[in-house]
Amino acid sequence: MTQQTTSSPDSRKKNYIGSSLLFFSIFFTATIEGILLFSLFWAPFNIRYKLGQVWCVIMLWCMKVFVGLKYEVEGLENVDPSQAAIIFSNHQSAWETLALRVIMPTQSAVMKRELLYLPLWGWSLLLLKSIVIDKRNARKALKNLVQDGTKYLKEGLYILIFPEGTRSGAREVKAFSIGGAMLAQKSGYPVIPVVHNAGDFWPRYNFFKYPGTIKVKIGKPIQTAGRKASDINAEAESWIRAEMSKFD
C-alpha cells in the first residue's frame with residue numbers, strides 16, 4: 001500500500017457512493033444504538049456492552065460492503081481474555097475505536113471529555129464504563145485514569161488507551177504520553193501493544209474511505225510490575241514503531 005501523507009495529495013479514485021453510504025449508516029445506526037443503550041440503562045453491564053459490540057460488528061460489515069474495507073489480525077494468541085490488561089494502540093482513524101471492541105476482550109476505553117458534548121452518541125459511552133479525561137487538566141486526568149483504570153482492571157476489564165493522545169497520519173507514530181504507562185506502573189497489570197495501518201484506508205479528517213485490508217498486529221504482553229512508567233512507555237512505543245515500519 002502506497003503511503004498517503006498529509007503533505008501530498010491523495011491520487012486514489014474517490015468512492016463517493018460507498019463513503020456516503022457508510023457515513024449515513026454510521027450516523028443512523030449510532031443514533032438507534034444510543035437510544036437502545038439509554039433504554040437499557042438498568043440492565044447489567046455485560047448486556048449493555050454486548051449491544052455496543054453488536055453495533056461495532058454491524059459497522060465493520062458495512063465497511064466491507066460499502067467500501068470494500070476488510071481487516072486481518074495477527075497475534076491473537078498473545079491475548080488471554082481471563083487476564084485483564086492494558087491495550088496500547090496507535091491511533092490513525094475512527095476505525096480502530098470500533099474494531100478493537102470486536103477484536104479484543106471486554107474493555108473500558110479512555111475517552112476525551114469533549115465527546116460528552118455529542119448528544120446520545122457521547123452520552124451512551126458512559127454506559128459502557130468509559131474513562132473520561134479532561135485534557136485541559138493534566139493532573140486531574142492522570143488521577144482519573146489511574147483511579148478508574150485500576151478499578152476496572154480489578155473487575156477483569158481490559159483498558160483501551162491510545163497513548164499518542166490524538167490521531168496521527170498514515171504510517172506515523174506520535175510520541176506517547178505518560179498516562180497509560182503510569183496506570184500500568186501503579187496497577188502492575190501488563191500492557192499489550194497493538195499496531196495497525198488503518199490510516200492507509202481511513203485517513204484522518206477525511207470523508208473518503210478506500211478498499212483494502214487493514215492489518216492489525218498484537219504483540220506479546222509487556223510485564224510492568226516493578227518497572228518505571230518511562231521504561232514501559234519506551235518499550236511499547238519502540239515495538240509499535242518497529243512493527244509499523246514492517247507493513248507493506
Side chain to side chain contact (heavy atoms under 4.5 Å, CB included), that's the test. Do H91 and T97 meet it? Break it down for me. CA-CA 9 Å; H91 195 19; T97 65; 3.9 Å; yes

Rounded distance [0.5 Å steps], CG in L183 versus OH in Y189: 10.0 Å

Report yes or no: does K140 contribute a side-chain atom to a donor-acceptor pair with the main-chain N or O of A138 at less than 3.5 Å? no

Do L76 and I103 have side chains that approach each other closer than 4.5 Å (heavy atoms only, starting at C-beta)? yes

Euclidean distance, F208 CZ relative to L22 CG, rounded to 0.5 Å: 12.5 Å

Name the residue from L128, I131, L160, L116 that meets the side-chain contact (heavy atoms from CB on, under 4.5 Å) definition with M111. L116

Are more than 12 heavy atoms, taken from residues, nucleotides or ligands other than I17, located less than 6.0 Å from that residue's CD1 atom? no

Give a yes or no on this: more than 12 heavy atoms of other residues, nucleotides or ligands lie within 6.0 Å of atom CZ of F28. no

Between CD of Q83 and CG of L153, what distance do you get to the nearest 0.5 Å? 9.5 Å

Quickly, which of V110, I87, T150, D148 forms a side-chain contact (heavy atoms from CB on, under 4.5 Å) with I159? Name it, please. V110

Grab the two heavy atoms, one from S93 and one from A198, that are nearest each other, plus how far apart they are. OG-CB, 3.7 Å

How far apart are the closest heavy atoms of H196 and I214, and which atoms are they? CB-CG2, 4.4 Å

For the atom pair CG (N144) and CG (N137), what is the distance rounded to the nearest 0.5 Å? 8.5 Å

Looking only at atom types and distance, does a side-chain atom of N197 sit under 3.5 Å from a main-chain N or O of M244, one as donor and one as acceptor? no

Sequence neighbours left out, what pairs pass salt bridge (charged side-chain N to carboxylate O under 4.0 Å, His left out) with at least one residue falling in residues 31-60? none

